[in-house]
Engineer: 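There's a structure below that I have some questions on.
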There are 2 protein chains.
Amino acid sequence: MHQHHHELDEAAVHSLFCAHSLRFTRQRFAVYTALASEKVHPTADQLFKKLSRSDSGISLATVYNTLEALVKSGLAQKLADGGTSARYDAAVDDHLHIRDCATGSLSDVPEALGQKLLDNLPQHVLKQIEDELGFSIGRVQIELIGEYTRQAVEVN
Amino acid sequence: MHQHHHELDEAAVHSLFCAHSLRFTRQRFAVYTALASEKVHPTADQLFKKLSRSDSGISLATVYNTLEALVKSGLAQKLADGGTSARYDAAVDDHLHIRDCATGSLSDVPEALGQKLLDNLPQHVLKQIEDELGFSIGRVQIELIGEYTRQAVEVN
DNA sequence: GCCTATAATTATAATAGTTCTAAAACAGAA
DNA sequence: TTCTGTTTTAGAACTATTATAATTATAGGC
Ligand SMILES: [Mn+2]
Ligand SMILES: [Mn+2]
Ligand SMILES: [Zn+2]
Ligand SMILES: [Zn+2]
């Protein structure tokens, strides 16, 4: 389930971290809430700059460390940018991404639409691939690549 | 159409480059044939090392330059590795990739199987996404993420 | 509320991958 | 063959990320 846009108070994040065996620190709280409040999929550096602006004197190394910890404990995922840097996503469920060729930006397909596509994948073909290749498919990652034909509501 | 494993002589590559408005050089020939003969999806550095070993005294900068030229002219595609570096693929058609969680390796789903899945995507859902988001889908990029349950025939 | 063990943070250095620079070599057209 | 724009090249520069090692903070037991 997507967690973009939810309000996260300190207590909620504390117990979330606790449930994932992650120590609670001021810095991790800041990074996680900054990430979870993003509509887009920020780079480590973008998060660092955002956090530097707002307050806390958090270091870039900690942003990297925290993101790695979040990913390892299943509270975030790391996405490959088309370019040189990695992007992070506080939504850890299966969901589709859209890549706008024109800008290179990466955004989400709305939950319902994306789920509909995932639910209508031809299961028999996936099964056949698993059987023929001796491979167990854990996740089908889909990216729709193309261009906006009218102004997107929000593009990064 | 996949071009892995095809034999490529100098004349064939010459006319291929010509058709794509790419000058023919010894180095580009070497990079392109090295890439096209790979069953896996090599990094720039892997290609450089392979070429250094075999002969030609080609420079790393040229490997990068050539790969960029190939991608720009549609003779190769650049794939995002999960990690830090980019991978290249001489197959420019739509095709599915498999990522082995255990090793991080990226390999191809056989043409026929992959096409079968692409042909059986729910077109009405794709259409709905295009309509609702005002986005024109040029390509659906799919990656199957999981683990081999028996020994894969060839893994990098 | 303190103490302590352990883990996280930080500044900084190091590394890895890629791109830039500017000079020399080359391809292809005439 | 000559000419011109393109490509190649070594090396420097740059960007993203990871490692190091000293400092600081957290969580839990008292
Ligand atoms: Mn960065
Ligand atoms: Mn490299
Ligand atoms: Zn997302
Ligand atoms: Zn491929």
Side-chain angles (χ1 to χ4, degrees), chain A residues 10-11 13-32 34-35 41-52 55-73 75-76 78-88 104 106, chain B residues 10-11 13-32 34-35 41-52 55-73 75-76 78-88 104 106:
Chain A
E10 198 169 309
V13 175
H14 200 296
S15 58
L16 187 63
F17 282 10
C18 198
H20 289 257
S21 310
L22 259 195
R23 282 202 176 183
F24 183 89
T25 67
R26 173 179 68 82
Q27 292 90 341
R28 283 177 175 178
F29 175 68
V31 170
Y32 183 71
L35 177 61
H41 300 95
T43 63
D45 207 64
Q46 287 171 336
L47 285 170
F48 173 63
K49 291 214 174 75
K50 176 176 175 178
L51 293 168
S52 302
D55 54 336
S56 30
I58 188 172
S59 79
L60 179 57
T62 297
V63 174
Y64 277 104
N65 289 340
T66 299
L67 289 170
E68 190 190 350
L70 290 173
V71 169
K72 192 156 42 176
S73 67
L75 285 170
K78 190 176 183 178
L79 306 173
D81 191 352
T84 41
S85 50
R87 292 183 172 273
Y88 294 86
L106 199 66
Chain B
E10 198 168 310
V13 174
H14 199 297
S15 57
L16 187 63
F17 282 10
C18 198
H20 289 255
S21 309
L22 260 195
R23 281 203 177 178
F24 183 90
T25 67
R26 171 177 71 80
Q27 293 90 341
R28 284 177 173 176
F29 176 68
V31 170
Y32 183 71
L35 177 61
H41 300 94
T43 63
D45 206 64
Q46 288 171 336
L47 285 170
F48 173 63
K49 291 213 174 76
K50 176 177 175 177
L51 293 168
S52 302
D55 55 335
S56 29
I58 189 173
S59 80
L60 179 57
T62 297
V63 173
Y64 277 104
N65 290 340
T66 299
L67 288 170
E68 191 190 349
L70 290 172
V71 169
K72 192 157 41 175
S73 67
L75 286 170
K78 189 176 182 177
L79 306 173
D81 191 354
T84 40
S85 49
R87 291 183 172 273
Y88 294 86
L106 200 65

Engineer: Describe, in one word, how the ring planes of B:Phe24 and B:Phe29 are oriented to each other, choosing from parallel (under 30°), tilted (30 to 60°) and perpendicular (over 60°).
Structural biologist: tilted
Engineer: Could you check which of C:dG28, C:dT18, D:dA16 has an atom nearest any side-chain atom of B:Leu60?
Structural biologist: C:dT18
Engineer: Whole Å only: how far is the CG atom of A:Leu22 from the P atom of C:dA7?
Structural biologist: 13 Å
Engineer: Can you tell me if the side-chain N/O atoms of A:Thr25 get under 4.0 Å from OP1 or OP2 in C:dT9?
Structural biologist: yes
Engineer: Below the 4.0 Å mark, does D:dT9 have OP1 or OP2 next to a side-chain nitrogen or oxygen of B:Gln27?
Structural biologist: yes
Engineer: Which residue lies toward the 5' end of DNA chain C, B:His14 or B:Thr43, if each is placed at its nearest nucleotide?
Structural biologist: B:Thr43
Engineer: Take B:Thr62 and B:Thr84, find for each the nucleotide of DNA chain D with the closest heavy atom, and name the residue whose nucleotide sits nearer the 5' end.
Structural biologist: B:Thr62
Engineer: I want to verify a distance call: between D:dT9, C:dG28, D:dT17, whose nearest atom is closest to the B:Asn65 side chain?
Structural biologist: D:dT9
Engineer: Starting from the C-alpha separation in whole Å, work towards a yes-or-no answer on side chain to side chain contact (heavy atoms under 4.5 Å, CB included) for A:Val63 and A:Tyr88.
Structural biologist: CA-CA 11 Å; A:Val63 174; A:Tyr88 294 86; over 6 Å; no
Engineer: If you measure from CZ on A:Arg87 to OG1 on A:Thr43, what distance do you get to the nearest 0.5 Å?
Structural biologist: 6.0 Å
Engineer: So which nucleotide from C:dT19, D:dA27, D:dT17 ends up closest to the side chain of B:Lys78?
Structural biologist: C:dT19
Engineer: Reckon A:Tyr64 has a side-chain N or O less than 4.0 Å from the OP1 or OP2 of D:dT17?
Structural biologist: yes
Engineer: Starting at the 5' end of DNA chain D, which residue's closest nucleotide do you reach first, B:Ser21 or B:Ser59?
Structural biologist: B:Ser21
Engineer: Record whether the side chain of A:Arg23 comes under 3.5 Å of the base of D:dT26 through a donor-acceptor pair of N or O atoms.
Structural biologist: yes
Engineer: Roughly how many Å is it from CZ in A:Phe48 to P in C:dT9, rounded to a whole number?
Structural biologist: 14 Å
Engineer: Find the distance B:Phe24:CZ to D:dT8:P and express it as a whole number of Å.
Structural biologist: 11 Å
Engineer: Report the distance from atom OH of A:Tyr32 to atom P of C:dA8, rounded to the nearest whole Å.
Structural biologist: 18 Å
Engineer: Using a heavy-atom cut-off of under 4.0 Å over every strand shown, decide if B:Ala69 touches base, sugar-phosphate, or nothing.
Structural biologist: nothing
Engineer: Out of C:dT9, C:dG28, C:dC20, which nucleotide sits closest to the side chain of B:Ala61?
Structural biologist: C:dC20
Engineer: Please report, rounded to the nearest Å, how far the P atom of D:dA10 is from the CD1 atom of B:Ile58.
Structural biologist: 10 Å
Engineer: For B:Gly83, which contact category applies under a 4.0 Å heavy-atom criterion: base, sugar-phosphate, or nothing?
Structural biologist: nothing
Engineer: Using atom CZ of A:Phe29 as one end and atom C1' of C:dA8 as the other, report the distance to the nearest whole Å.
Structural biologist: 17 Å
Engineer: Starting at CD of A:Glu10, measure out to OG of A:Ser15 and round the result to the nearest 0.5 Å.
Structural biologist: 11.0 Å
Engineer: Is the shortest side-chain N/O distance from B:Arg28 to OP1 or OP2 of D:dT6 below 4.0 Å?
Structural biologist: no
